[in-house]
Amino acid sequence: QVQLVESGGGLVQPGGSLRLSCAASGFTFSMNVMNWYRQAPGKEREFVASSGLSGGSTYYADSVKGRFTISRDNAKNTVYLQMNSLKPEDTAVYHCNVRTKVPGALRQNYWGQGTQVTVSS
């Protein structure tokens, strides 16, 4: 079973930093692109960042470029999101995501339960 478990969220002041982690299992982690999405109150879920198979290829939403860094440790089956210079508008539930195929299921999106990030003074 595909499992994605996020951690590291919390309350931080504007300008502060936070590092999110997503522990993955149930699929071949190193063979899949990993992503972070977020959903703010009353808003649709939006893409934040993605990381290629070995972490060498990354892509970010314009809203977080220069502030967030996605990375991964394939030996630990974990993807990270380092968030710096946090703004109140970064407040959201952050979800780990993978689009993959496992035996017995179609290729599809899998989501973690999410971790809350609140940026407030």
Side-chain angles (χ1 to χ4, degrees):
Q1 182 181 18
V2 172
Q3 292 187 24
L4 302 170
V5 181
E6 302 93 337
S7 62
L11 175 64
V12 65
Q13 293 184 332
S17 297
L18 216 52
R19 190 195 195 200
L20 307 183
S21 298
C22 171
S25 62
F27 64 99
T28 306
F29 183 82
S30 63
M31 293 293 290
N32 286 274
V33 172
M34 298 300 299
N35 311 288
W36 286 98
Y37 285 75
R38 67 187 182 187
Q39 187 167 25
K43 297 184 178 180
E44 298 294 319
R45 182 154 52 194
E46 67 172 338
F47 170 80
V48 175
S50 66
S51 177
L53 273 54
S54 62
S57 180
T58 59
Y59 182 70
Y60 301 91
D62 287 343
S63 59
V64 306
K65 282 181 181 177
R67 300 188 299 119
F68 290 12
T69 302
I70 189 170
S71 62
R72 64 194 292 161
D73 187 337
N74 287 343
K76 296 181 179 180
N77 284 4
T78 302
V79 61
Y80 306 94
L81 185 68
Q82 178 66 47
M83 306 185 295
N84 299 324
S85 302
L86 283 162
K87 305 174 180 179
E89 48 263 49
D90 294 319
T91 295
V93 176
Y94 284 71
H95 296 269
C96 185
N97 160 268
V98 62
R99 185 174 180 84
T100 192
K101 186 187 187 311
V102 297
L106 298 172
R107 182 174 178 84
Q108 61 187 289
N109 279 300
Y110 296 90
W111 302 91
Q113 291 240 125
T115 185
Q116 176 71 49
V117 172
T118 302
V119 184
S120 177
S121 60

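Quick caveat: nothing in here was measured; it's all calculated off a predicted structure.
- At a threshold of 4.5 Å between non-hydrogen side-chain atoms, the residues S21 and K76 do not count as touching.
- The nearest pair of heavy atoms linking A49 to L81 is CB-CD1, 4.2 Å.
- Between F29 and V98 the shortest side-chain heavy-atom distance does not fall below 4.5 Å.
- To the nearest 0.5 Å, atoms CZ (R38) and CD (E89) are separated by 8.0 Å.
- Residues T58 and F68 form no side-chain contact, since every pair of their non-hydrogen atoms from C-beta on lies 4.5 Å or further apart.
- Across every non-hydrogen atom of H95 and G112, the tightest pair is ND1-O, 3.1 Å.
- Nearest heavy-atom pair across V93 and Q113 is CG1-O, 4.4 Å.
- Interatomic distance, OG of S17 versus CZ of R19, reported as 12.0 Å (0.5 Å rounding).
- By the 4.5 Å heavy-atom criterion applied to side chains, R72 and N74 are counted as neighbours.
- The pair D62-K65 meets the salt-bridge criterion, since a charged nitrogen lies less than 4.0 angstrom from a carboxylate oxygen.
- Q39 CD to R45 CZ: the interatomic distance, rounded to the nearest 0.5 Å, is 6.0 Å.
- Side chains of V117 and M83 form a contact here, defined as non-hydrogen atoms less than 4.5 Å apart.
- For the atom pair CG (N77) and OG1 (T28), the distance works out to 9.0 Å, reported to the nearest 0.5 Å.
- The aromatic rings of Y37 and F47 sit perpendicular, their planes meeting at an angle over 60°, well past the 30° parallel limit.
- Nearest heavy-atom pair across T100 and Y110 is O-CE1, 3.7 Å.
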Exercise. Just do the side chain to side chain contact (heavy atoms under 4.5 Å, CB included) check on L11 and S120 with the steps written out, would you?
Key: CA-CA 7 Å; L11 175 64; S120 177; 4.3 Å; yes

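- Contact annotation: the side chain of S7 never approaches that of T115 to less than 4.5 Å [non-hydrogen atoms, C-beta and beyond].
- For the 3.5 Å distance criterion, the side chains of R99 and N97 fail to qualify, holding no donor opposite an acceptor.
- Both W36 and V12 belong to a common hydrophobic cluster when Ile, Leu, Val, Met, Phe, Trp and Tyr are linked at side-chain heavy-atom distances under 4.5 angstrom.
- Using modelled atom types, no side-chain atom of S121 and backbone atom of Q13 make a donor-acceptor pair closer than 3.5 Å.
- At distances below 3.5 Å, not a single donor-acceptor pair connects side-chain atoms of Y59 with backbone N or O atoms of G52.
- Under the 4.5 Å side-chain heavy-atom criterion for Ile, Leu, Val, Met, Phe, Trp and Tyr, L4 and V102 are members of the same hydrophobic cluster.
- In this structure, C22 and Y80 have side chains that are not in contact, with every pair of non-hydrogen atoms separated by 4.5 Å or more.
- Rounding to the nearest 0.5 Å places OG of S51 at 9.0 Å from CE of M34.
- Considering all non-hydrogen atoms of both residues, V33 and S50 come closest at CG1-CB, 4.2 Å.
- Smallest separation of non-hydrogen atoms from G10 and L18: N-CD2, 3.7 Å.
- Residues E6 and L20 fail the side-chain proximity criterion, which asks for heavy atoms closer than 4.5 Å.
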